[in-house]
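Written below as structure tokens is the structure these notes are about.
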Amino acid sequence: MLTIKKANRYLPIIEPILRQQGVPDDLKYLAIIESSLNTLAKSPAGAAGMWQFMQTTGRQYGLEVNNNIDERYNIE
């Protein structure tokens, strides 16, 4: 039930971004599978955020990841 409530909140943010970037809409389900739409999720392996990026992967996609800022937690 909590994931459904989060979907009502976060999917309207995610869907237009995916559309704008030309990414298949089904990618939104990856965030549900990986983190149950928990923006503060962190795996035992160190993946973080709703999309569960590792530090190196986040940096490869241009995210700032350091001791002060970790953009992996930003939904957008």
Side-chain angles (χ1 to χ4, degrees):
M1 184 59 87
L2 183 57
T3 302
I4 292 170
K5 288 181 181 182
K6 286 181 180 181
N8 288 330
R9 179 177 180 185
Y10 293 122
L11 293 184
I13 297 169
I14 293 170
E15 290 167 339
I17 295 170
L18 296 177
R19 194 170 24 258
Q20 178 186 17
Q21 296 300 317
V23 177
D25 188 61
D26 290 346
L27 191 65
K28 66 188 174 193
Y29 299 115
L30 181 63
I32 296 170
I33 293 165
E34 289 289 339
S35 67
S36 298
L37 297 174
N38 179 358
T39 57
L40 300 177
K42 187 155 188 177
S43 76
M50 185 179 294
W51 298 98
Q52 290 291 284
F53 281 119
M54 297 295 286
Q55 284 186 7
T56 53
T57 306
R59 288 185 186 117
Q60 287 174 346
Y61 283 98
L63 301 178
E64 189 172 350
V65 181
N66 59 48
N67 290 337
N68 298 315
I69 298 172
D70 194 339
E71 291 183 329
R72 296 177 297 165
Y73 292 103
N74 184 338
I75 186 173
E76 295 178 21

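If you read the sequence from its start, that first residue is 1, and numbering goes on from there. Values below: every heavy atom of this structure, side chains too, minus hydrogens, waters and symmetry copies. It should be emphasised that the depicted structure is a prediction, and the values quoted were computed from it without experimental measurement.
- A pairwise comparison of heavy atoms in Thr3 and Ser36 identifies OG1-CB, 3.9 Å as the closest pair.
- Leu11 and Ile33 fall into different hydrophobic clusters, defined by Ile, Leu, Val, Met, Phe, Trp and Tyr side-chain heavy atoms under 4.5 Å apart, directly or through other members.
- For the atom pair Ile75 CD1 and Ile13 CD1, the distance stands at 4.5 Å (nearest 0.5 Å).
- Looking at every heavy atom in both residues, Met54 comes nearest to Ala47 through SD-N, 3.4 Å.
- Formation of a donor-acceptor pair under 3.5 Å by the Arg59 side chain with backbone atoms of Val65 is found in this model.
- Summarising the geometry of Phe53 relative to Gly58, their closest heavy-atom pair is CB-N, 4.2 Å, with the distance given to 0.1 Å.
- With Glu71 contributing its side chain and Glu64 its backbone, the two residues share a donor-acceptor pair below 3.5 Å.
- The two residues Ile17 and Glu76 make their nearest non-hydrogen contact at CD1-CG, 3.7 Å.
- Cluster membership for Leu40 and Tyr10, using ILVMFWY side-chain heavy atoms within less than 4.5 angstrom, is not shared.
- Looking at Gln55 and Asp70, their side chains never come closer than 4.5 Å, going by heavy atoms from C-beta outward.
- Between the CD1 atom of Ile14 and the CD1 atom of Ile32 there is a distance of 7.5 Å, given to the nearest 0.5 Å.
- Between Gln52 and Lys42, the shortest heavy-atom distance links the atoms NE2-N, 4.1 Å.
- Note that NZ of Lys28 is 10.0 Å distant from CH2 of Trp51, once rounded to the nearest 0.5 Å.
- Note: Leu2 CG to Asn38 CG = 8.5 Å, rounded to the nearest 0.5 Å.
- Of the inter-residue distances, the one linking Lys6 atom NZ with Asn8 atom CG reads 12.5 Å to the nearest 0.5 angstrom.
- Of all the heavy atoms in Ala7 and Pro12, the pair that sits closest is O-CD, 3.5 Å.
- One hydrophobic cluster, built from ILVMFWY side chains closer than 4.5 Å, holds both Leu18 and Leu37.
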